Amino acid sequence: MAAVRRWSEGMSSDNIKGLVLAISSSLFIGASFIVKKKGLKKAGASGVRAGVGGYSYLLEPLWWIGMITMVVGEIANFAAYAFAPAILVTPLGALSIIISAVLAHIILREKLHTFGILGCALCVVGSTTIVLHAPQERQIESVTEVWDLATEPGFLFYTALVLTAVFILIFHFVPQYGQTHIMVYIGVCSLVGSISVMSVKALGIALKLTFSGMNQLLYPQTWAFTLVVASCVITQMNYLNKALDTFNTAVVSPIYYVMFTSLTILASVIMFKDWDRQTPTQIITEMCGFITILSGTFLLHKTKDMVDGPSLTTSISMRSLKHEEEDGFDEGFPLKRQDTSRIP
């Protein structure tokens, strides 16, 4: 209790607001993965699947419900970045994995193994550890201050590396390996996402200052960050849809979380210098919390095709048969959804 009291006294009101918004965001986003997945499967049954370049899901109401749910979650996430540092907000995305795994178990009938439940618990423990030792939000008085941070040599070098990697993935690896290697689509989403979060945080700070009476809409930097956010979000949505339609939800969610969070923390440390305001003990504790979350997501990933029972082989066979009956897709290979013959 004493530790909790010290934490509540030492945590700023902005960090608390960011924490509440981040948790709310995870609830909405976790649910949106499942609803969008159902919409993609329904659209793919009567049109060209998103995983092979189709856009029939745009005519599917269920996909739009999932999309609206995700937008609500992203708005809450957007607001959270305006109040709290990325190193606090981003790792809490693990909560969306828990929501996604539980709902996948209930709605998509993707069984959650006992070790998967343990993985969920580890995600909660790791998230709590990070929350208890997160740095205070950097005090910024103008969007121009954020622009100065974004144009420092260290972050410009990081941005150049990210853009180079994204172009290589999109123009070389996606055409050849997008349908068979999950890291291709998720790599694009995660790399672009790390830049997106930094711009979202900058835009969120600008809006927060504007609402408090210091108009930041007069600065061209605000609109530059807005353009970057729009470009990055469109790219993320496109390739995330492809990943969700091509691979199992229980695989996409944790891998995307791990890559996206790792790169976002790296970008935040470079741009906002979060660790400059912390002691080595706090930094190490945060990293331990993050590793705990990674362990939880690893367990969720490794046990996604397992169910409690006497025979693992029988369990996997029954699961494969269930999916064939459910949506006409064969999941003999655990990561990849493969098309069966369809009559036009």
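This structure is a prediction, so every number in the text was calculated from the model and none was measured.
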Would you say the side chain of [Y] lies within less than 4.5 Å of the side chain of [X], judging by non-hydrogen atoms?
X	Y	value
Ile87	Pro135	yes
Phe260	Cys189	no
Phe157	Val162	no
Thr264	Met198	yes
Thr129	Cys288	no
Leu266	Ser194	no
Leu27	Leu95	no
Ile205	Val143	no

*Where do Val197 and Leu263 land on the side-chain contact (heavy atoms from CB on, under 4.5 Å) test, with the steps shown first?*
CA-CA 10 Å; Val197 168; Leu263 290 169; over 6 Å; no
Can a donor-acceptor pair be found, under 3.5 Å and without considering hydrogens, that links the side chain of [X] to the backbone of [Y]?
X	Y	value
Ser100	Ser96	no
Ser32	Ile29	yes
Lys201	Ser268	no
Thr151	Asp148	yes
Asn77	Gly73	no
Glu145	Glu141	yes
Lys17	Phe83	no
Trp223	Leu217	yes
Thr210	Asn215	no

*Dump the intermediate steps for side-chain contact (heavy atoms from CB on, under 4.5 Å) on Leu118 and Phe115, then the final yes or no.*
CA-CA 5 Å; Leu118 177 60; Phe115 286 114; 4.1 Å; yes
*Assess whether side chain to side chain donor-acceptor pair (under 3.5 Å) is satisfied between Thr279 and Thr281, documenting all intermediate values.*
CA-CA 5 Å; Thr279 64; Thr281 301; 4.6 Å; no
*Kindly assign one of parallel, tilted or perpendicular to the pair Tyr185 and Tyr239, based on the angle between their ring planes and the thresholds 30° and 60°.*
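Because their plane-to-plane angle lies in the 30° to 60° range, the rings of Tyr185 and Tyr239 count as tilted.
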_Please verify the inter-ring angle class for Tyr177 with His181; under 30° counts as parallel, over 60° as perpendicular, anything in between as tilted._
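Perpendicular: the ring planes of Tyr177 and His181 meet at over 60°.
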*When you look at CZ of Phe155, are more than 12 heavy atoms from neighbouring residues, nucleotides or ligands closer to it than 6.0 Å?*
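Yes, the 6.0 Å shell around CZ holds more than 12 heavy atoms from other groups.
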*Evaluate whether atom CZ of Phe290 has more than 12 neighbouring non-hydrogen atoms of other residues, nucleotides or ligands under 6.0 angstrom away.*
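Yes - once you tally the heavy atoms of other residues, nucleotides and ligands closer than 6.0 Å, there are more than 12.
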Return the [atom1] to [atom2] distance between [X] and [Y], rounded to the nearest 0.5 Å.
X	Y	atom1	atom2	result
Gln236	Ile195	CD	CD1	10.5 Å
Ile265	Ile270	CD1	CD1	12.0 Å
Leu92	Thr261	CG	OG1	9.5 Å
Ile255	Ile186	CD1	CD1	5.0 Å
Ser142	Leu209	OG	CG	7.5 Å
Leu149	Ile140	CG	CD1	6.0 Å

*In sequence, state the C-alpha distance, the side-chain angles, and the governing distance for Gln221 and Gln216, and then conclude on side chain to side chain donor-acceptor pair (under 3.5 Å).*
CA-CA 9 Å; Gln221 290 90 336; Gln216 303 296 303; over 6 Å; no
Please give me the minimum heavy-atom distance between [X] and [Y], naming the atom from each residue.
X	Y	result
Ser196	Val229	O-CG2, 4.4 Å
Thr292	Leu122	CG2-O, 3.3 Å
Ala80	Ala22	CB-N, 3.8 Å
Tyr256	Ser190	CD1-OG, 3.7 Å
Leu169	Gly187	CD1-C, 3.9 Å
Ile130	Glu286	CG1-O, 3.7 Å

Can you hop from [X] to [Y] via hydrophobic side chains spaced under 4.5 Å?
X	Y	answer
Val89	Met259	yes
Val35	Ile98	no
Val102	Val125	no
Tyr81	Phe211	yes
Ile16	Ile23	yes

*Do Lys242 and Val174 pass the side-chain contact (heavy atoms from CB on, under 4.5 Å) test, and can you show the C-alpha distance, the side-chain angles, and the key distance before you say yes or no?*
CA-CA 11 Å; Lys242 292 178 183 294; Val174 166; 5.8 Å; no
*How about Trp147 and Phe225: are their ring centres within less than 6.0 Å of each other?*
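Yes, the ring centres sit under 6.0 Å apart.
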_NZ/NE/NH1/NH2 to OD/OE distance under 4.0 Å, Asp245 and Lys36_ =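 Salt bridge between Asp245 and Lys36, a charged N being under 4.0 Å from a carboxylate O: no.
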*Determine, stepwise, if the pair Lys208 / Asp14 fulfils side-chain contact (heavy atoms from CB on, under 4.5 Å).*
CA-CA 11 Å; Lys208 182 178 73 171; Asp14 276 356; 3.7 Å; yes
Donor-acceptor pairs under 3.5 angstrom involving side-chain atoms of residues 58-71: please list them, not counting sequence neighbours.
residue, atom, partner, partner atom, Å
Glu60, OE2, Leu62, N, 3.2
Trp64, NE1, Leu58, O, 2.5
Thr69, OG1, Ile65, O, 2.8

